[in-house]
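One structure is given below, encoded as structure tokens.
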Amino acid sequence: MFISSAFAQTAPAAAAGGDMQSSLMSMLPLVLMFVVLYFVMIRPQMKRQKEHRSMIEALAKGDEVATSGGLIGRVTKLGDSYVSVEVANGVEVQLQRSAVVQVLPKGTVK
């Protein structure tokens, strides 16, 4: 009624030649967004995780550390998954290794 039958029948035939190119061009923005997302978010996060893992593995007795909870202290004992940190004279706290966020320079804790 609104579109004549002759015009409706010829429209798909005209678009069939450029259909492959059209589908590739419509996917291009999606692919570009994923590439940008990878270089802006995913890659730096993986690098940070790798650095944190190597820092945790390199912990040694006597290192001064800061934890994710804000505690600052000196490492007294090391276990496979736990670390004992002395936060004051005679006060030791046992933490998970992953809770250590930073190794501080020597002499920070008095």
Side-chain angles (χ1 to χ4, degrees):
M1 176 175 231
F2 293 108
I3 301 173
S4 67
S5 60
F7 180 70
Q9 290 174 357
T10 59
D19 191 29
M20 184 67 161
Q21 184 179 4
S22 173
S23 65
L24 289 176
M25 291 304 284
S26 67
M27 288 181 56
L28 186 64
L30 183 64
V31 171
L32 287 175
M33 275 195 301
F34 182 74
V35 169
V36 168
L37 180 75
Y38 176 78
F39 282 107
V40 171
M41 293 179 67
I42 297 171
R43 191 167 172 241
Q45 180 65 25
M46 289 172 56
K47 184 179 177 184
R48 234 177 285 130
Q49 285 177 345
K50 186 178 177 183
E51 289 172 356
H52 186 259
R53 193 176 312 118
S54 65
M55 181 199 59
I56 295 297
E57 290 171 357
L59 279 177
K61 190 175 178 181
D63 284 347
E64 297 174 359
V65 296
T67 67
S68 60
L71 291 175
I72 297 175
R74 186 173 287 113
V75 175
T76 56
K77 296 176 192 169
L78 292 167
D80 289 336
S81 58
Y82 293 99
V83 173
S84 291
V85 177
E86 184 178 27
V87 292
N89 289 334
V91 180
E92 282 191 22
V93 180
Q94 192 172 20
L95 304 166
Q96 290 181 338
R97 278 183 173 247
S98 60
V100 175
V101 293
Q102 185 179 12
V103 176
L104 303 170
K106 297 285 182 185
T108 304
V109 179
K110 308 250 185 234

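Only a predicted model underlies this, so the values are computations on that prediction, with no experimental measurement involved.
- Side-chain heavy atoms closer than 4.5 Å link hydrophobic residues (I, L, V, M, F, W, Y) into clusters, and following such links, possibly through other members, connects Val91 to Leu95.
- Between Arg53 and Glu57 the shortest side-chain heavy-atom distance falls below 4.5 Å.
- A side chain to side chain donor-acceptor pair (under 3.5 Å) check over residues 97-110, counting only residues at least two apart or in different chains, returns the pairs Asp63-Lys106.
- In plain terms, the two heavy atoms of Met25 and Pro29 that are nearest each other are O-CD, 3.3 Å.
- Leu71 is connected to Val100 through a chain of hydrophobic side-chain contacts under 4.5 Å among Ile, Leu, Val, Met, Phe, Trp and Tyr, so both are in one cluster.
- For the pair Phe34/Leu30, no side-chain contact is recorded, criterion being any heavy-atom separation below 4.5 Å from C-beta on.
- Residue pairs meeting the side chain to side chain donor-acceptor pair (under 3.5 Å) criterion with at least one partner in residues 64-79, sequence neighbours excluded, are Glu64-Arg74, Thr76-Glu92.
- Side-chain contact between Val85 and Val65: present, with at least one pair of heavy atoms (C-beta onward) separated by less than 4.5 Å.
- Under the 4.5 Å side-chain heavy-atom criterion for Ile, Leu, Val, Met, Phe, Trp and Tyr, Tyr82 and Leu78 are members of distinct hydrophobic clusters.
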Next item on the list: Kindly determine whether Lys47 and Glu51 satisfy side-chain contact (heavy atoms from CB on, under 4.5 Å), including the steps that lead there.
Entry: CA-CA 6 Å; Lys47 184 179 177 184; Glu51 289 172 356; 3.6 Å; yes

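- Taken together through direct or relayed side-chain contacts under 4.5 Å among Ile, Leu, Val, Met, Phe, Trp and Tyr, Val31 and Met33 form parts of separate hydrophobic clusters.
- Tyr38 and Val35 fall within the same hydrophobic cluster, defined by Ile, Leu, Val, Met, Phe, Trp and Tyr side-chain heavy atoms under 4.5 Å apart, directly or through other members.
- Ile72 belongs to a hydrophobic cluster with Leu104, Val109, counting contacts under 4.5 Å between side-chain heavy atoms of Ile, Leu, Val, Met, Phe, Trp and Tyr, direct or through other members.
- Looking at Leu59, Ile56, Val75 one by one, the single match for side-chain contact (heavy atoms from CB on, under 4.5 Å) with Val103 turns out to be Leu59.
- The line from CZ of Arg43 to CG of Leu37 is 13.5 Å long, rounded to the nearest 0.5 Å.
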